[in-house]
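Encoded as structure tokens, the structure appears first; notes follow it.
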Amino acid sequence: MSQTIDIPVPDIGDFTDVPVIEIFVKVGDTVKAEDPLISLESDKATMDVPSPQAGVVTAIRVKVGDKLSQGSIVLTLASGDAATASATAPAAPTAQPGAAAATAATSPAASVAEPAPAAPTSASAAIDEAAFALAYAGPAVRKLARELAVNLGKIQGTGQHGRIVRTDVERFAKGGGAAAPAAKAASAPSGGGGGLDLLPWPKVDFAKFGPVERKELSRIKKISAANLHRNWVVIPHVTTHDEADITDLEQFRVQMNKELEKSGVKVSMLPFMIKAAVATLKKFPEFNASLDGDALVLKNYYHIGFAADTPNGLMVPVIRDADKKTVPEITKEMGELAKLARDGKLKPDQMQGGTFTISSLGGIGGIYFTPIINAPEVAIMGVCKSYWKQHSSDGKTYTSRLTLPLSLSWDHRVIDGAAAARFNVHFANLLADMRRVLF
Ligand code: CAO
């Protein structure tokens, strides 16, 4: 007996009001359990919503651009005898060999990770992995491209904002479709299949060499990995290191904590750095900006992100309007946001709108590191553990100064080395004497 059911968006974590960017099926299509139905895209991740069961699509309830949350109805499916009969019917005439396998299970949660590249066969060996990784396409389309051994980097997408959709891949596999402009394909300088192009990711049977254990990456790790990978590959990073003398500031911080003891607020060095960052960003506005095509968007607000280490991976909560908040207010908000992050309860809007990020490893250790810019921002300040350093201004007499190592990574498309060095010097001078923030 046939029965119709409405298919809702499953649990997609903290995401709400996520726009539909692609619909993979149409009325009359037969789907199997786990076939992708639609693709949702937030600014953090692309998610495919799979079908929970086999059936025939009788109505589509959404259109591209609609914003969906968990429970929103996507489409109606006829299941049971009628559907089973149709489900065994031959595939649609446009389907390519292997296309059915290409629509295998995708996680209902943020499925940002694409399937591992196949072992290098003669067909897939030609795939330019860097261009493939950079191509604007969702997980289901990437999977299909892998199955059809299609190099995504060579396709000009016809979807919204140039997104590559299923039909683009299918058309390209048949020998049609527009090729991507050469500049879009991130091939090595040798280009055109030369011997120095990126090789496929090595596929190794690690168990051959000793006992192993397989652990899936957390959802947060998958999302941050995809973002970090894109940012590292797309942004020409340079890191400028410097140091700040925080001897007096540390003394002041300890004194203030004594005075604030009864209020329960305990201030670390980070809120002072946030205030110093805001003052430095005001002096160097191109660091508080984002690239938009050929233009730079300078922001007149100061929302400072801070990297937080959580059991599930790295998260970047944002302190909004940090310029309007006091150090104790920032301390309190930072503590609340860090706790939410560690408990996995941070909402998307608490991670959005950042204009500059500080990544502090000061509580842990290290001397310098290379932080990865949190796109679409153009710079990030990395900070390590302060240490006592011998300092001399005349080469004869030495004093011990508490020294904070700074590592500023910046986008060389927007910022040049001289500006970055000046930014660090100004930031360090403010930390050396916070009274300068008033000027
Ligand atoms: N030098 C020396 N000591 C420092 C310091 C520094 N630069 N920064 C912090 N400390 C001290 C603090 O004063 C505190 O000492 P006490 O326990 O004696 O008071 C201790 O280190 C722990 O500080 P904290 O880490 O709890 O507090 P914070 O405000 O410095 O940082 C937060 C808060 C959420 C940023 C931090 O807990 C965190 O998650 N850091 C990791 C960020 C990260 O992973 N970055 C890497 C991103 S790239 O993968």
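We use all heavy atoms of the structure for the numbers below, so side chains are in, but hydrogens, waters and symmetry mates are not. For ligands, and for the atoms within them, numbers begin at 1 and follow the listed sequence.
- When heavy-atom distances to ligand 1 are checked against a 4.0 Å cut-off, Leu361 comes that close only through its side chain, counted from C-beta outward.
- Atoms of ligand 1 lying under 4.0 Å from at least one heavy atom of Leu314, given by number and element, are 47 (C), 49 (O).
- When each atom of ligand 1 is checked for a heavy atom of Leu270 under 4.0 Å away, the hits are 29 (O), 31 (O), 35 (C).
- For the residues Ser268, Gly363, Ala341, the heavy atom positioned nearest atom 28 (P) of ligand 1 is part of Ser268.
- Of the possible donor and acceptor atoms, one in the side chain of Asp168 sits under 3.5 Å from a partner among the backbone N and O of Val165.
- Looking only at distances, no side-chain donor or acceptor of Ser360 sits under 3.5 Å from a matching main-chain atom of Leu270.
- Looking at every heavy atom in both residues, Pro371 comes nearest to Met381 through CG-C, 4.5 Å.
- In this structure, atom 26 (O) of ligand 1 has its sub-4.0 angstrom surroundings free of protein heavy atoms.
- Within 6.0 Å of atom NZ in Lys299, more than 12 heavy atoms from other residues, nucleotides or ligands are found, so the atom counts as buried in its surroundings.
- Within the 4.0 Å cut-off (strictly below), a protein heavy atom is located near atom 35 (C) of ligand 1.
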For a quick test of your reading: what N or O donor-acceptor pairs under 3.5 Å do the side chains of residues 428-439 make, sequence neighbours left out?
{"unit_1": "Asn429", "atom_1": "ND2", "unit_2": "Val425", "atom_2": "O", "d": "3.4"}
{"unit_1": "Asp433", "atom_1": "OD1", "unit_2": "Arg435", "atom_2": "N", "d": "3.1"}
{"unit_1": "Asp433", "atom_1": "OD1", "unit_2": "Arg435", "atom_2": "NE", "d": "3.0"}
{"unit_1": "Asp433", "atom_1": "OD2", "unit_2": "Arg435", "atom_2": "NE", "d": "3.4"}
{"unit_1": "Asp433", "atom_1": "OD2", "unit_2": "Arg435", "atom_2": "NH2", "d": "2.9"}

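- By the 4.0 Å heavy-atom criterion, Glu250 is excluded from the residues contacting ligand 1.
- In this structure, Met269 does not count as a contact residue of ligand 1, since none of its heavy atoms falls inside 4.0 Å of the ligand.
- Environment of CD1 in Ile367: sparse, with no more than 12 heavy atoms of neighbouring residues, nucleotides or ligands closer than 6.0 Å.
- Counting heavy atoms closer than 4.0 Å to ligand 1, residue Cys384 contributes backbone atoms (N, CA, C, O) but none from C-beta onward.
- Pairs of residues two or more places apart, or lying in two chains, that qualify as side chain to side chain donor-acceptor pair (under 3.5 Å) and include a residue from residues 380-396 are Glu243-Lys389, Gln390-Ser400, Ser392-Asp394, Asp394-Thr397.
- Of all the atoms in ligand 1, the ones that sit under 4.0 Å from a non-hydrogen atom of Gly362 are 1 (N), 2 (C), 3 (N), 4 (C), 5 (C), 6 (C), 7 (N), 8 (N), 9 (C), 10 (N).
- Near Ser360, the atoms of ligand 1 lying under 4.0 angstrom from a non-hydrogen atom of the residue are 40 (N), 41 (C), 42 (C).
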Can Arg253 and Glu250 be said to form a salt bridge (charged side-chain N to carboxylate O under 4.0 Å, His left out), step by step?
CA-CA 5 Å; Arg253 184 184 78 85; Glu250 175 61 8; 2.9 Å; yes
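- Around CZ of Arg61, the count of heavy atoms belonging to other residues, nucleotides or ligands within 6.0 Å exceeds 12.
- Listed by number with element, the atoms of ligand 1 under 4.0 Å from a non-hydrogen atom of Lys266 are 16 (P), 17 (O), 19 (O).
- Each of the atoms 29 (O) of ligand 1 lies under 4.0 Å from some heavy atom of Met334.
- Contact annotation: Ser359 has at least one heavy atom less than 4.0 Å from an atom of ligand 1.
- Below 4.0 Å from some heavy atom of Ala308 lie the following atoms of ligand 1, by number and element: 39 (O).
- If you look at Leu404 next to ligand 1, the close heavy atoms, those under 4.0 Å, all belong to the side chain.
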